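Given the structure is predicted, the values throughout are model-derived calculations rather than measurements. Throughout, a chain's letter reflects where its sequence line sits, starting with A, and its residues are numbered from 1.
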There are 2 protein chains.
Amino acid sequence: MPTGELDRLDIAILEALQENARTPLSEIGRRVGLSQPATSERVKRLEDRGILAGYTARLDAAALGLGMMAIIRLKTTHEHIKPALKAFAEMPHVIEVHRLTGEDCFLLKVLVPTPGQLETIVDTIARFGAVTTSLVLRSEPVKPLGKALLG
Amino acid sequence: MPTGELDRLDIAILEALQENARTPLSEIGRRVGLSQPATSERVKRLEDRGILAGYTARLDAAALGLGMMAIIRLKTTHEHIKPALKAFAEMPHVIEVHRLTGEDCFLLKVLVPTPGQLETIVDTIARFGAVTTSLVLRSEPVKPLGKALLG
DNA sequence: CACAGATTCCGTTAATTCATCGGAAGTTTG
DNA sequence: CAAACTTCCGATGAATTAACGGAATCTGTG
């Protein structure tokens with residue numbers, strides 16, 4: 001069979017695990033119509049295929065005192081890219097780094113406890129180029145990508 | 001003690017669970033120097049406090065045929081905000097929605113299998129205002145936010 | 001058409017992991 | 001100083017997962 005084939009059951013299992021990675025396999029199996037061993041085997045196969053890349057805890061940033069999220073865009077020149085990446089890696093509040101096409105070279109997602117911390121980060125990054133910072137007023141809950149697989 | 005206090009052990013436990021939410025509690029306990037029941041109790045307390053908000057599977061979007069990530073920014077006017085949010089909720093490829101301060105009102109993260117799908121999404125969103133789309137060339141691995149808690 | 005090989009499933013059972021309990025040690029409160 | 005509280009541990013029972021052997025189905029081939 002081709003590598004990338006997922007049937008309904010696989011998708012349902014992935015959805016269940018994305019919603020709650022601690023749902024017992026017997027419970028998932030019951031929902032999708034499989035026994036616990038069969039469900040276990042499918043999960044293992046999904047892991048082996050690299051589709052299921054791992055399991056992670058969802059932390060509440062606000063409850064951790066990181067109540068402020070910001071998006072930082074950086075427009076810079078080629079020679080700054082490597083040093084910038086290195087600097088980002090060393091900033092614990094920078095939780096996502098994306099290299100982009102278009103006007104801006106990088107888009108960062110940062111979580112900070114205070115505006116002062118954000119200022120420090122922005123100042124550091126501004127050494128590499130032109131920075132645009134936006135506060136996140138509200139985020140919708142991140143969507144599980146089950147439905148995106150059916151199209 | 002005040003609600004929001006986390007000691008070294010809590011942070012270590014959260015880090016371990018973020019790295020792999022399926023690590024046995026006995027193993028986590030061994031690493032941080034606690035028994036399995038004590039570790040279990042701390043995890044439960046973190047859950048009750050809302051700090052540990054859940055557990056989720058990490059899926060490999062590329063392996064799922066969603067190899068193209070894009071960032072879409074939308075600049076629009078007040079009356080479009082609610083309908084836009086509703087529309088975003090119905091688009092399975094839109095996996096993150098952030099409302100921003102500044103020039104742009106929304107920032108979206110989308111995962112699509114093909115450029116054609118991206119075009120469809122951009123066209124739909126452009127009905128609400130001015131759209132700026134950037135392809136993501138590369139993403140650094142998302143950083144666990146353990147170190148961000150120490151400062 | 002039959003038959004080997006492969007795949008995927010099930011039921012059973014062993015191994016692992018988790019939840020619960022009673023009690024000890026240390027801290028805070030009155 | 002004692003009572004109440006917290007957090008820990010070890011032990012044990014409950015739940016979950018992993019590892020079988022065998023049945024059913026599908027695939028390709030002589």
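Within the 4.5 Å cutoff, side-chain heavy atoms of A:Ile125 are placed close to those of A:Met91.
At whole-Å resolution of the value, CD in B:Glu5 and P in C:dT27 are 18 Å apart. When the P atom of D:dA19 is taken as reference, atom CG of A:Leu25 falls 13 Å away, rounded to whole Å. Rounded to a whole Å, the CD atom of B:Gln36 is 8 Å from the C1' atom of C:dA19. A:Glu41 places its CD atom 16 Å from the P atom of C:dA6, with the value rounded to the nearest Å. The interatomic distance linking A:Asp7 (CG) with C:dT7 (P) rounds to 15 Å, in whole Å. We find that NZ of A:Lys44 is positioned 15 Å from P of C:dC9, with the value rounded to whole Å. Rounded to an integer number of Å, the gap from B:Ile28 CD1 to D:dC8 P is 14 Å. One can place CZ of A:Arg42 at 18 Å from C1' of D:dA18, the figure rounded to the nearest angstrom.
Along DNA chain C, the nucleotide nearest B:Thr23 and the nucleotide nearest A:Gly33 are compared for position; the residue whose nucleotide lies closer to the 5' end is A:Gly33. When the nearest nucleotides of DNA chain C are assigned to A:Arg22 and A:Leu34 by heavy-atom distance, the more 5′-ward of the two goes with A:Leu34.
Of the side-chain N and O atoms in A:Arg45, one or more sit less than 4.0 angstrom from OP1 or OP2 of C:dC9. Residue A:Ser40 places at least one side-chain N or O closer than 4.0 Å to OP1 or OP2 of D:dA18.
Contact check on B:Lys109 versus A:Glu96 returns a salt bridge, with a Lys/Arg side-chain nitrogen under 4.0 Å from an Asp/Glu carboxylate oxygen.
Counting any heavy atom pair closer than 4.0 Å across all strands shown, B:Pro24 reaches sugar-phosphate atoms only and no base atom.
Checked against the 6.0 Å centroid criterion, the rings of A:Phe106 and A:Phe128 do not qualify as a close aromatic pair.
Expressed to the nearest 0.5 Å, how far CG of B:Leu149 lies from CG of A:Leu59 amounts to 8.0 Å.
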